[in-house]
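Structure record follows, encoded as structure tokens.
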Amino acid sequence: MADDVKLEMIRHSMAHVMAEAVLEMFPTAQIAIGPAIENGFYYDFDLPRSLTDDDLAEITERMKKIIHSDKEFKRSVVSRDEARELFKDQKYKLELLDAIEEGAEISIYNQGGFTDLCRGPHVASTKDLNADAFKLLSVAGAYWRGKETNPMLTRIYGTAWRTPKDLRLYLDHLADIEKRDHRKLGKELDLFSLHEEAGPGLVYWHPKGARIRQVIENFWREEHYKNGYEMVYTPHVGKSWLWETSGHLGFYKDSMYPPMEMDNMDYYVKPMNCPFHIMIYQNSKKSYRDLPCRWAELGTVYRYEKAGALHGLMRVRGFTQDDAHLIVTPDQMDDEIMEVLRFSLYMLHSFGFNDIHAYISTKPEKSVGEQEKWDAATEALKRAVEKEGLEYDIDEGGGAFYGPKIDLKIKDAIGREWQLSTVQFDFNLPERFKLTFVDKDGVEKRPYMIHRALLGSIERFFGVLLEHYAGAFPPWLSPDQVAVIPVAEVGNDYAKDIEKKLRNLGFRAFSDLSSDRMNAKIRKAQQQKVPYMLIIGEKEMANGTVSVRYRNGKQAFGVPFDDFVKELSDKVASKEQL
RNA sequence: GCCUUUGUAGCUCAGUCGGUAGAGCACCACCAUGGUAAGGUGGGGGUCGCCGGUUCGAUUCCGGCCGAAGGCUCCA
């Protein structure tokens with residue numbers, strides 16, 4: 001039996017054991033569903049009261065007893081009527097029963113004092129579970145069958161493993177995730193903040209965060225020019241005419257900030273940049289000779305996200321998309337898609353993301369645009385992904401109503417997936433705005449429009465980067481690349497001099513001339529994750545050298561200053577991690 | 001929006017079984033001039049998230065509101 005199947009059985013069985021424990025404590029509880037999930041299990045209950053930490057402890061103890069009691073998981077097949085009788089007091093189970101199609105086998109599992117409607121499979125006996133290899137993690141609310149209109153149930157999440165050691169490794173992993181939390185690191189490293197009183201979901205970039213953002217944006221712009229893009233700037237608000245024409249007021253209004261009235265007209269803050277780029281396109285008659293247009297903008301947009309959905313930098317109400325729109329002739333589509341994909345991968349690699357997976361989403365049931373266009377575009381996406389040798393999955397019917405897309409997801413340093421790049425066809429806006437170009441044969445034709453973001457949004461990308469590197473950015477991105485630390489006050493002038501030289505060479509350096517002792521200065525720089533510390537004392541002053549202390553604890557003494565500059569330059573140019 | 005948890009100094013947190021609060025770090029001043037992760041002493045700083053109720057008295061009890069965290073849902 002495959003290992004992962006066995007683990008799933010353990011987790012599913014744990015869910016049953018937990019349900020038994022909960023029913024012991026709350027005999028009137030209604031039980032809903034309790035599946036195995038990634039890393040653990042959960043069970044949903046309708047309870048007479050809310051749960052406390054003490055309750056979780058008691059449930060845990062009861063579960064341990066049940067596990068030690070060595071009860072067999074007995075499977076039996078029952079008729080629908082027998083099942084209805086068995087679960088006559090369990091309304092959610094009856095609802096589940098009704099959903100089982102006619103003629104299908106109805107199986108139940110029993111372990112000692114608990115019987116559940118269940119497809120299985122389970123471990124043979126509760127003794128196959130390890131009483132020291134599970135932990136109840138949290139209590140949360142969850143709608144019955146995930147529907148907002150249904151009653152809210154109490155969900156208990158747990159994690160379960162084969163051995164206590166596996167459990168410990170997983171708990172360590174959770175601790176690692178907590179340590180890397182970008183909200184925590186953002187505060188510790190003084191990179192950004194959010195201010196509820198000034199508006200939730202709106203990001204304030206502090207000087208050090210802004211330095212990193214500048215490096216990202218400057219690199220982004222340079223690469224876009226190298227890759228044949230032009231930069232545009234567009235307004236932040238537009239009259240309702242624009243959003244009516246684009247269709248956003250029809251299908252996207254709930255996600256937009258409400259209108260501002262001026263001169264009897266409604267103005268809306270932009271939730272997307274596309275209509276503005278289209279206005280630029282429309283400004284003059286376009287020939288096939290003008291295409292492709294590749295227009296990029298770091299465009300800040302505002303969207304109304306539900307308060308409960310906001311999360312640090314990952315989900316905000318105001319964010320800057322690294323947006324671009326390609327307006328191309330049908331002939332150019334294939335090459336352009338391939339270029340966009342190649343460019344995306346290059347960008348992601350540059351930031352240290354090498355584990356990349358693609359997802360192609362195809363035509364959903366409700367959609368606009370002719371079938372041939374969808375087919376042509378979807379094929380172009382597939383060809384591009386295959387040409388780059390990317391692994392990919394197809395999400396059938398998962399595209400937006402206006403066109404198919406490729407999403408690229410990266411894996412970060414601890415294996416979590418994040419969606420960053422997206423390349424999306426749009427068959428809707430060219431129609432709505434009646435975009436045309438005059439082709440070689442003198443006939444006006446409709447161009448293809450491709451919407452793409454490589455990093456997604458600057459805010460979210462920054463959050464992902466921060467967690468990926470756990471705050472220890474590679475030197476090219478570090479907000480402070482070099483801390484110059486004099487051993488004593490007599491070294492202050494030399495330290496200042498070195499700082500100045502480094503700054504003049506374009507590096508981000510500072511000298512710590514505070515009245516702290518050297519040890520404290522080193523500690524501070526280390527906590528701020530500064531990659532290079534130059535320790536300056538009498539020896540260094542006499543010889544024109546520096547003593548280098550690296551963030552990773554390594555040291556190099558008596559390094560000629562010019563040698564250090566060379567080393568730093570190489571590191572920054574290569575974008576390598578220290 | 002809903003469920004659970006939560007909101008005390010800039011940060012991390014303690015505390016008051018109802019009598020208007022403390023620690024460490026940070027900040028300021030003074031002393032100390034120190035060779036690879038915290039030198040010493042002193043000081044300033046809080047209407048205990050907001051509004052209302054109970055009470056002689058509320059940061060503490062009760063109710064409402066707002067925010068945050070973890071979920072459900074959605075997504076860049």
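Quick note on labels: first sequence line is chain A, next is B, and so on, each numbered from 1.
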Spacing of the [atom1] atoms in [M] and [N] (rounded, Å):
{"N": "A29(B)", "M": "G63(B)", "atom1": "P", "result": "48 Å"}
{"N": "A23(B)", "M": "A76(B)", "atom1": "C1'", "result": "43 Å"}
{"N": "U73(B)", "M": "C13(B)", "atom1": "C1'", "result": "34 Å"}
{"N": "G24(B)", "M": "A9(B)", "atom1": "C1'", "result": "12 Å"}
{"N": "G1(B)", "M": "G43(B)", "atom1": "C1'", "result": "49 Å"}
{"N": "C74(B)", "M": "A37(B)", "atom1": "C1'", "result": "45 Å"}
{"N": "C17(B)", "M": "C25(B)", "atom1": "C1'", "result": "31 Å"}
{"N": "A26(B)", "M": "U16(B)", "atom1": "C1'", "result": "26 Å"}

Nearest whole angstrom, please: distance from the [atom2] of [N] to the [atom1] of [X].
{"X": "Asp190(A)", "N": "C25(B)", "atom1": "CG", "atom2": "C1'", "value": "15 Å"}
{"X": "Asp46(A)", "N": "C2(B)", "atom1": "CG", "atom2": "C1'", "value": "14 Å"}
{"X": "Gln528(A)", "N": "A26(B)", "atom1": "CD", "atom2": "C1'", "value": "12 Å"}
{"X": "Asp512(A)", "N": "G34(B)", "atom1": "CG", "atom2": "P", "value": "17 Å"}
{"X": "Asp395(A)", "N": "C75(B)", "atom1": "CG", "atom2": "P", "value": "11 Å"}
{"X": "Glu489(A)", "N": "C31(B)", "atom1": "CD", "atom2": "C1'", "value": "13 Å"}
{"X": "Arg452(A)", "N": "A76(B)", "atom1": "CZ", "atom2": "P", "value": "15 Å"}
{"X": "Leu47(A)", "N": "U4(B)", "atom1": "CG", "atom2": "P", "value": "11 Å"}

> With a non-hydrogen cut-off below 4.0 angstrom, is Glu305(A) in contact with a base, only sugar-phosphate, or nothing?
Replying inline: base

> Contact class for Val490(A) (heavy atom, under 4.0 Å): base, sugar-phosphate, or nothing?
Replying inline: nothing

Cation over ring, [X] on [Y], under 6.0 Å and within 45°?
{"X": "Lys409(A)", "Y": "Tyr359(A)", "answer": "yes"}
{"X": "Arg11(A)", "Y": "Trp161(A)", "answer": "yes"}
{"X": "Lys270(A)", "Y": "Phe276(A)", "answer": "yes"}

> Would Tyr304(A) and Tyr252(A) count as a close aromatic pair, with their ring centres under 6.0 Å?
Replying inline: no

> Below 6.0 angstrom between ring centroids: does that apply to Tyr302(A) and Phe319(A)?
Replying inline: no

With both distances under 3.5 Å as the test, what is the Watson-Crick or G-U wobble partner of [N]?
{"N": "G67(B)", "value": "U6(B)"}
{"N": "G18(B)", "value": "none"}
{"N": "C30(B)", "value": "G40(B)"}
{"N": "C74(B)", "value": "none"}

> Could you run down nucleotides 63-71 of chain B 5' to 3' and tag each one B, S or - for protein heavy-atom contact under 4.0 Å?
Replying inline: ----SSSBB

>> I'd like to check Pro486(A) versus Tyr494(A) (side-chain heavy atoms, cut-off strictly below 4.5 Å). Are they in contact?
In response: no

Restricting to nitrogen or oxygen on both sides, can you table the protein-nucleotides 10-14 of chain B pairs closer than 3.5 Å?
residue : atom : partner   : partner atom : Å
U12(B)  : OP1  : Lys187(A) : NZ           : 3.1

> Near Lys135(A) NZ, under 6.0 Å, is it more than 12 heavy atoms from other residues, nucleotides or ligands?
Replying inline: no

> Is Glu538(A) atom CD crowded by more than 12 heavy atoms from other residues, nucleotides or ligands, each under 6.0 Å away?
Replying inline: no

Please enumerate all protein N or O atoms sitting under 3.5 Å from an N or O of nucleotides 35-40 of chain B, with distances to 0.1 Å.
residue : atom : partner   : partner atom : Å
G35(B)  : O6   : Glu538(A) : N            : 2.9
G35(B)  : O6   : Lys539(A) : N            : 3.2
G35(B)  : N1   : Glu540(A) : OE1          : 2.9
G35(B)  : N1   : Glu540(A) : OE2          : 3.4
G35(B)  : N2   : Glu540(A) : OE2          : 2.7
U36(B)  : O2'  : Arg549(A) : NH1          : 2.9
U36(B)  : O2'  : Gln555(A) : NE2          : 2.8
U36(B)  : O4   : Ser547(A) : OG           : 2.1
A37(B)  : N7   : Arg549(A) : NH2          : 3.3
A38(B)  : N7   : Arg523(A) : NE           : 3.3
A38(B)  : N7   : Arg523(A) : NH2          : 3.1
A38(B)  : N6   : Arg523(A) : NH2          : 2.6
A38(B)  : N1   : Arg523(A) : NH1          : 3.2
A38(B)  : N3   : Arg523(A) : NH1          : 3.3
G39(B)  : O4'  : Arg517(A) : NH1          : 3.2

>> With a 3.5 Å distance limit and no angle check, can you tell me whether Ser478(A) reaches the backbone of Phe473(A) through a side-chain donor-acceptor pair?
In response: yes

Is it the case that [X] and [Y] place a side-chain donor and acceptor less than 3.5 Å from each other?
{"X": "His206(A)", "Y": "Ser193(A)", "value": "yes"}
{"X": "Thr362(A)", "Y": "Glu396(A)", "value": "yes"}
{"X": "Trp418(A)", "Y": "Glu467(A)", "value": "no"}

> Closest approach of Ala15(A) and Gly34(A), non-hydrogen atoms and distance?
Replying inline: CB-O, 3.4 Å

